[in-house]
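These notes concern the structure reproduced below.
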Amino acid sequence: KNLLALAEEQGIILKLKSIDGYASILKGNRIAIRKYQMFEKVVYEAAYELAHYFIHYDQGNMVESPLEKDYNEQATRSAELILKILNVKMSQL
């Protein structure tokens, strides 16, 4: 719910789609997350792509970049942090 609100606030269109080869994809202000994944995986992918959006917004095509591995590691760590913060927030309610 919080991740969807953040995406909406930033003007990001987030949709579940039938995509092959990736669990999720970020292109411009659009995030596609592969359908038929476990809920937890969908939430993780939303956090992961939002992390890419905020951290690497000006890096161009990250998939074909020689720094792709570094970009993905940064997004992974950021997504994990986002989810831990949200879990703490939820446990305090």
Side-chain angles (χ1 to χ4, degrees):
K1 189 173 171 181
N2 289 306
L3 294 172
L4 289 173
L6 176 60
E8 185 176 295
E9 182 180 282
Q10 296 299 311
I12 299 168
I13 300 163
L14 196 152
K15 291 188 177 187
L16 294 175
K17 305 278 262 179
S18 295
I19 53 177
D20 294 325
Y22 297 96
S24 60
I25 299 172
L26 166 67
K27 186 170 184 179
N29 70 333
R30 297 182 321 246
I31 295 173
I33 299 175
R34 188 175 62 222
K35 288 182 178 181
Y36 311 117
Q37 298 184 92
M38 298 283 293
F39 176 75
E40 292 81 6
K41 179 69 171 163
V42 171
V43 172
Y44 171 81
E45 291 300 325
Y48 176 81
E49 295 299 353
L50 285 168
H52 268 305
Y53 179 83
F54 280 97
I55 299 169
H56 306 118
Y57 66 92
D58 61 350
Q59 300 304 309
N61 184 340
M62 293 178 288
V63 174
E64 296 179 8
S65 170
L67 298 174
E68 176 192 16
K69 185 177 178 181
D70 294 328
Y71 292 152
N72 289 337
E73 179 64 27
Q74 292 166 358
T76 296
R77 290 180 183 192
S78 297
E80 291 169 359
L81 174 62
I82 290 166
L83 295 176
K84 286 181 184 198
I85 290 169
L86 290 175
N87 284 334
V88 167
K89 181 180 176 187
M90 293 303 293
S91 69
Q92 294 175 342
L93 295 179

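We number each residue from 1, following the sequence as shown. Atom set for the values below is all heavy atoms of this structure, side chains included, hydrogens, waters and symmetry mates excluded. Worth saying up front: this structure is predicted, and the values here are computed from it rather than measured.
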Expected list for residues 75-83: side-chain donor-acceptor pairs under 3.5 angstrom, two or more places apart:
{"from": "T76", "atom 1": "OG1", "to": "N72", "atom 2": "O", "distance (Å)": "2.8"}
{"from": "R77", "atom 1": "NE", "to": "E73", "atom 2": "OE2", "distance (Å)": "2.7"}
{"from": "R77", "atom 1": "NH2", "to": "E73", "atom 2": "OE2", "distance (Å)": "3.4"}
{"from": "S78", "atom 1": "OG", "to": "Q74", "atom 2": "O", "distance (Å)": "2.9"}

Can you give me every donor-acceptor pair (side chain of residues 7-25, partner residue at least two apart or in another chain, under 3.5 Å) with its distance?
{"from": "S24", "atom 1": "OG", "to": "E45", "atom 2": "OE1", "distance (Å)": "2.4"}
{"from": "S24", "atom 1": "OG", "to": "E49", "atom 2": "OE2", "distance (Å)": "2.7"}

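Between H56 and H52, the two ring planes are tilted [angle within 30° to 60°].
Residue Y36 is not grouped with residue F39 when hydrophobic side chains (ILVMFWY) are merged at heavy-atom distances under 4.5 angstrom, including chains of intermediate members. Transitive grouping of hydrophobic side chains (ILVMFWY, heavy atoms separated by less than 4.5 Å) brings L86 and L4 into a common cluster. The hydrophobic cluster containing Y44 also contains F54, counting ILVMFWY residues as joined when their side-chain heavy atoms lie under 4.5 angstrom apart, directly or transitively.
Side-chain contact between L6 and Y53 is absent, with no heavy-atom pair separated by less than 4.5 Å.
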